[in-house]
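First listed ligand is number 1; within each ligand, the first listed atom is number 1.
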Amino acid sequence: MIKKLFVCILVCVAFTTVMADEGMWLPSRIKERVKEMRSLGFKLKADDIYSDTKASLKDAVMQFGGGCTGEFISPEGLLLTNHHCGYSSIQKLSSVEHDYLTYGYWAKSKSEELPVPGLTITLLVRMEDITDRVAAGETNASIVAEAEENGRYTAQINSMYYGLQQYLFVYQVFKDVRLVGAPPSSIGKFGGDTDNWIWPRHTGDFSIFRVYANADNEPAEYSADNVPYRPKRFFEISTKGVEEGDFTMIYGFPGNTQEYVTSDAVEYVANVANPMKIELRTKRLEIISEAQAKDAAVRIAYAAKHASIANSWKKWQGESLGLSRLNTIEKKQDYENYFSMWAQSQPQYAHILDSLRVAYKRVAPGYFVRELFNESIGSIEAYNYTVNLANGAAMVDAGTITAGNLLNWRVNFMKDYNVSIDKAIAQYLIDEFIARAPKDIIPSELLAAIDNCGTTEAFVDSIYSNTHLLTAEPLSSVDIQNDIMTTFVGWFNNVVKNNRKYVYRNISNVPEIENWYRPYMQALREWDSNRAFYPDANFTLRVSYGTVTGYENVDGEYHTHLTTLDGIIAKDNPEIYDYNIPQELRDIHSRGDYGRWGVKVNGRTTVPVCFLASNHTSGGNSGSPVINGRGELIGINFDRTWRSTMSDIEFDPTICRNISVDIRYVLFVIDRIGKAGYLLNEMNLK
Ligand code: ARG
Ligand code: GLU
């Protein structure tokens with residue numbers, strides 16, 4: 001009993017006090033946090049962060065594209081985001097003659113700003129807790145319709161706390177967004193996948209765009225007549241720099257966290273899903289890297305694919321490691337035991353944990369099949385291409401796209417496609433799918449065909465050499481319907497169909513499970529009443545705050561909060577792709593000629609590059625403004641340290657750190673590498 005009590009006390013301490021740095025708070029409720037923020041150095045008021053009625057910092061923050069954040073830095077719609085967020089736009093605008101990825105791009109005047117078809121930015125007009133309206137019988141559809149004001153806005157309802165509360169978000173979507181500037185990848189992606197998720201970091205991960213609007217300052221499709229959008233608010237920029245201990249605030253659109261899930265969910269992520277995904281991607285990355293090492297063209301063609309496969313692969317490893325170091329599963333089990341003791345006397349809650357446990361047991365196998373399928377058969381390029389080709393052909397028939405659109409897409413796909421890589425990956429992934437999937441879902445046609453050919457390798461050879469789809473030749477000469485690749489795709493139709501019911505953010509959001517989380521969250525709020533609950537990230541706007549700070553990386557090894565140009569020069573190596581910097585940067589360094597951008601760090605004059613802080617961030621926070629206590633921009637968020645990535649499930653203030661590019665490095669690169677100092681004239685530098 002004494003031991004039990006001791007555990008309870010420990011658990012209470014670990015879980016009931018939210019540390020200053022944990023949390024992704026709803027802007028409209030930031031008032032509840034301001035007292036603590038002030039104690040850390042915040043100088044403004046709650047309605048400077050968010051207001052329904054007057055301009056506030058929220059008007060300077062946007063969702064950039066589908067999954068990043070950006071921020072306005074001028075009265076003329078100039079915005080900053082990460083280089084990796086602008087990457088696909090920059091790539092789309094590039095060609096061999098105009099290789100903006102490699103060399104960067106700087107518009108010398110507004111007329112040289114390049115429209116990016118398809119790129120949108122989304123501004124939050126207002127948000128509203130509509131839980132009571134829904135309870136009073138208003139339907140989601142009518143609330144949304146009213147908020148959209150006849151097409152002026154787009155509105156969306158997001159549930160928080162597994163549906164305990166509903167929030168309305170009203171947005172304005174701008175469609176004329178133009179590329180203004182991007183550093184060369186050797187700055188914007190410096191360190192590449194090698195340094196990704198790693199500190200010390202030296203990446204100049206920024207790019208610059210501008211939003212255009214019609215003459216009334218309203219969103220409009222691209223037009224040469226559009227004019228720069230005049231935001232209600234833009235960030236002033238601090239050139240004074242950061243010191244350890246300074247207040248920091250991140251304002252952005254984090255995508256996905258699951259802080260309140262039970263031990264069963266953590267067990268599923270850490271011990272079931274992550275290991276499978278990591279293993280399958282390890283081999284895929286090996287196959288790609290080997291081919292890249294042999295051929296420079298393949299290295300380029302597979303660079304973006306490699307980067308995106310490796311990004312999550314590396315994140316999941318850090319996450320699993322972090323969860324095991326923190327003993328998250330055991331801690332959650334203790335917390336649940338403690339909760340159960342209380343819940344026994346609460347008839348309406350007594351059964352919840354048991355019900356959740358049963359629900360996980362029932363849902364996990366099917367959810368796993370979906371994840372396995374996505375990482376195996378669903379990751380074969382020819383499989384995806386064939387699915388998309390059939391959909392595309394149907395859209396051409398229906399007149400929603402032109403044959404030319406479809407051909408362009410195929411030409412683009414084939415440009416970066418290497419059939420021997422895909423075959424090697426297909427062979428591996430088919431074998432893994434068969435080995436790991438429950439017997440009754442493996443298509444019998446697949447097993448029979450492999451049997452017929454003798455080996456998986458021979459089977460893969462036969463479908464890839466008999467298909468006519470993997471070319472950019474005119475479609476008129478091929479029969480998609482009767483192609484062998486279409487037959488292969490068709491074998492999995494049932495697997496795909498049966499798994500549609502698991503298309504949710506996380507296993508915990510599958511309705512069968514989520515229905516139990518709703519009362520569980522309700523119960524936690526009653527029982528663990530000292531805990532400050534913030535809703536899990538779901539790509540809605542959030543505020544997190546903390547301080548500039550280093551951390552102990554491993555026993556006895558402290559990582560300080562700031563990196564500088566000296567560290568870039570130390571990593572510089574023309575032989576290593578990820579570390580080969582522009583000659584210009586070497587020259588500036590060797591002359592020590594930093595002009596106004598030089599600052600003293602530990603007694604040496606240099607240029608600051610990246611810094612660490614303790615804000616709670618996640619995927620989607622890329623490009624988020626990092627703001628000081630006066631509301632000025634001091635950096636752009638772009639990553640977390642590897643040992644932090646479990647913060648999507650458990651945040652540990654002693655080691656969880658977000659990584660930002662220092663705004664002074666951004667300005668230095670614009671001015672000295674981009675020679676685009678004129679852009680600084682429209683900013684407000686402090
Ligand atoms: N890890 C960061 C994020 O999750 C940056 C990814 C882009 N950089 C890269 N080297 N792949 O998005
Ligand atoms: N790089 C991530 C993104 O694109 C942010 C890093 C993180 O996951 O914290 O959103």
How far is [atom] from its nearest protein heavy atom, and which residue and atom name does that atom have?
| atom | result |
| --- | --- |
| atom 11 (N) of ligand 1 | D193 OD1, 3.2 Å |
| atom 6 (C) of ligand 1 | N311 OD1, 3.5 Å |
| atom 1 (N) of ligand 1 | N196 OD1, 2.7 Å |
| atom 12 (O) of ligand 1 | H84 NE2, 3.3 Å |
| atom 6 (C) of ligand 2 | D639 CA, 3.6 Å |
| atom 2 (C) of ligand 1 | D639 OD1, 3.3 Å |
| atom 9 (O) of ligand 2 | R640 NE, 2.6 Å |

Practice task
Find all atoms of ligand 1 within a distance of less than 4.0 Å from any non-hydrogen atom belonging to G192, and give their numbers and elements.
Solution key: 10 (N)
Practice task
Under 4.0 Å from a heavy atom of F638: give me the atoms of ligand 1 that qualify, with their elements.
Solution key: 2 (C)
Practice task
Check if G619 has a non-hydrogen atom at a distance under 4.0 Å from any atom of ligand 1.
Solution key: no
Practice task
Return yes when Y87 approaches ligand 1 closer than 4.0 angstrom through a heavy atom, no otherwise.
Solution key: no
Practice task
Could you tell me whether E650 and K331 have a side-chain N and a carboxylate O separated by less than 4.0 Å?
Solution key: yes
Handout entry: Numbered atoms of ligand 2 (with element) below 4.0 Å of N621, judged on heavy atoms
Key = 10 (O)
Handout entry: Atoms of ligand 2, numbered as shown, that sit under 4.0 Å from any heavy atom of G620
Key = 3 (C), 10 (O)
Practice task
Would you confirm whether the ring centroid of Y161 sits within less than 6.0 angstrom of the ring centroid of F533?
Solution key: no
Exercise for the section: Indicate, with yes or no, if the rings of F413 and Y385 have centres closer together than 6.0 Å. Expected result: yes
Exercise for the section: Work out whether the distance between some heavy atom of F253 and some atom of ligand 2 is less than 4.0 Å. Expected result: no
Problem - Close approach of H84 to ligand 2, heavy atoms, under 4.0 angstrom - result: yes
Determine whether [X] and [Y] make a side-chain contact, defined as any pair of heavy atoms from C-beta on separated by less than 4.5 Å.
| X | Y | result |
| --- | --- | --- |
| Y105 | I90 | no |
| I670 | F668 | no |
| K315 | R640 | yes |

Practice task
Indicate, as side chain, backbone, both or neither, the part of W197 found under 4.0 angstrom from ligand 1 when only non-hydrogen atoms are considered.
Solution key: side chain
Practice task
Please say whether G619 places an N or O atom under 3.5 Å from an N or O atom belonging to ligand 2.
Solution key: yes
Handout entry: Exceeds 12 heavy-atom contacts within 6.0 angstrom, atom OH of Y502
Key = yes
Handout entry: Nearest atoms (heavy-atom pairs only) where E243 meets H561
Key = C-NE2, 4.2 Å
Handout entry: By side-chain hydrogen bond (donor to acceptor under 3.5 Å, both in side chains) - contacts of S28 (at least two apart)
Key = none
Handout entry: Separation between OG of S379 and CG of N384, rounded to the nearest 0.5 Å
Key = 7.0 Å
Exercise for the section: Between P254, C68, C85, S622, flag the one that comes closest to atom 2 (C) of ligand 2 by a heavy atom. Expected result: S622
Practice task
Please determine, by modelled atom types, if T641 and R643 share a side-chain donor-acceptor pair under 3.5 angstrom.
Solution key: no
